[in-house]
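From a predicted model like this one, the values you see are computed outputs, not experimental measurements.
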Amino acid sequence: MTEVYLRRLSRWQAEQQRAAVADVHVTAYRGEAGAEYRDRQGFLDRFEQHVQRLGFDMMVADAGGLVGCAYGFRVERTGEWWSDFRGELPTDIEELTASGRTFLLAELMVLPAHRRNGVATLMGERLLARLDTDLVVAAVDLERPDGREDGDGGGRPANAAQATVRAWGWSKLGLLAPHSPSAVREVWIRRPLR
């Protein structure tokens with residue numbers, strides 16, 4: 001296995017690396033055949049917005065080219081991010097969001113050839129290590145109801161993100177349920193150790 005180096009990217013560097021990051025995204029999340037352009041463009045549109053968010057921070061894994069990426073930003077104090085949360089949001093979560101002390105892990109992706117080598121864990125640890133927040137959240141796609149794998153050839157279950165946050169010791173808080181039933185996601189949280 002090629003040695004992997006981690007490095008933090010500034011907002012400017014992230015914008016300069018956007019094409020390489022989009023390549024990692026398309027390869028890491030192979031969607032439906034023939035949808036690569038749409039998937040790539042959709043990611044680039046989201047990434048353009050995300051990189052401008054308050055507290056944007058990014059870590060990449062490099063092995064002679066990008067092999068992984070993790071990034072996030074602070075959740076807006078307005079609480080808008082929680083608008084699709086099912087049920088009643090705990091008061092302490094509302095307070096941490098309103099105080100600007102909540103960070104969203106927006107993306108975590110690793111190329112199939114570099115999975116199961118601890119790359120995601122190292123990127124996640126490094127990204128979150130220097131945060132000055134009291135809560136980290138992530139929205140994770142639900143497990144496929146049919147139990148199928150995602151087709152990456154590596155036998156990776158469709159809910160690998162669930163397994164990752166669970167292995168990291170995060171807690172499931174509930175569900176985000178926007179207007180489309182296919183977009184329902186689980187919300188996982190971690191309270192940084194102090």
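Looking at R46, its side chain does come within 3.5 Å of a backbone N or O of G42 through a donor-acceptor pair. Between the side chain of R11 and the backbone N or O of R53 there is at least one donor-acceptor pair closer than 3.5 Å. No donor-acceptor pair closer than 3.5 Å links the side chain of R190 to the backbone N or O of A138.
Every side-chain hydrogen bond (donor to acceptor under 3.5 Å, both in side chains) that Q13 has, sequence neighbours left out, goes to S10. In this structure, W170 has no side-chain hydrogen bond (donor to acceptor under 3.5 Å, both in side chains) partners at least two apart in sequence or on a different chain.
Counting heavy atoms from C-beta outward, I93 and F85 have side chains that stay 4.5 Å or more apart. Between L175 and E186 there is a side-chain heavy-atom pair separated by less than 4.5 Å. Residues R185 and V140 fail the side-chain proximity criterion, which asks for heavy atoms closer than 4.5 Å. At a threshold of 4.5 Å between non-hydrogen side-chain atoms, the residues D23 and L66 do not count as touching. Contact annotation: the side chain of R8 approaches that of L127 to within less than 4.5 Å [non-hydrogen atoms, C-beta and beyond]. Taking 4.5 Å as the limit, some side-chain heavy atom of V184 sits within range of a side-chain heavy atom of R86. Side chains of L54 and F73 form no contact here, defined as non-hydrogen atoms less than 4.5 Å apart. You'll find the side chain of V110 stays beyond 4.5 Å of the side chain of V67, heavy atoms only.
Minimum heavy-atom separation, A28 to M109: CB-CB, 4.0 Å. Closest non-hydrogen pair, M58 versus A14, comes out as SD-CB, 3.5 Å. Of all non-hydrogen atoms in V4 and A63, the two that sit nearest each other are CG2-CB, 4.1 Å.
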From CA spacing to verdict: side-chain contact (heavy atoms from CB on, under 4.5 Å), Q52, E15
CA-CA 10 Å; Q52 299 303 320; E15 288 174 335; 2.5 Å; yes
Determine whether E107 and V21 satisfy the following criterion, side-chain contact (heavy atoms from CB on, under 4.5 Å), listing intermediate values before the conclusion.
CA-CA 11 Å; E107 284 287 345; V21 173; over 6 Å; no
Kindly determine whether H25 and L44 satisfy side-chain contact (heavy atoms from CB on, under 4.5 Å), including the steps that lead there.
CA-CA 10 Å; H25 183 270; L44 284 169; over 6 Å; no
Given the rule in the side-chain contact (heavy atoms from CB on, under 4.5 Å) test, do W81 and V137 qualify, once you have shown the distances and angles that lead to the verdict?
CA-CA 11 Å; W81 190 83; V137 299; 4.1 Å; yes
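Between F47 and Y71, the ring-plane angle classifies as perpendicular under the 30° and 60° cut-offs.
Rounded to the nearest 0.5 angstrom, L96 CG and L135 CG are separated by 5.5 Å. The CG atom of L108 sits 8.5 Å away from atom OG1 of T121, with the distance rounded to the nearest 0.5 Å. Atom CZ of R74 sits about 8.0 Å away from atom CZ of F103, to the nearest 0.5 Å. To the nearest 0.5 Å, the span separating CG on L105 from CG on D57 amounts to 11.0 Å. In this structure, E94 CD and T102 OG1 are separated by 11.0 Å, a value rounded to the nearest 0.5 Å. Separation of atoms CZ (R77) and OG (S99) is listed at 6.5 Å; rounding is to 0.5 Å.
For Q41 and D45, the side-chain atoms include at least one donor-acceptor pair closer than 3.5 Å. Between the side chains of T97 and W82, a donor-acceptor pair is found at a separation under 3.5 Å.
For E48, the CD atom is loosely surrounded, since the number of other residues' heavy atoms within 6.0 Å does not exceed 12.
Between R101 and E95 there is no salt bridge, since none of the side-chain N atoms of the basic residue sits less than 4.0 Å from a carboxylate O of the acidic one.
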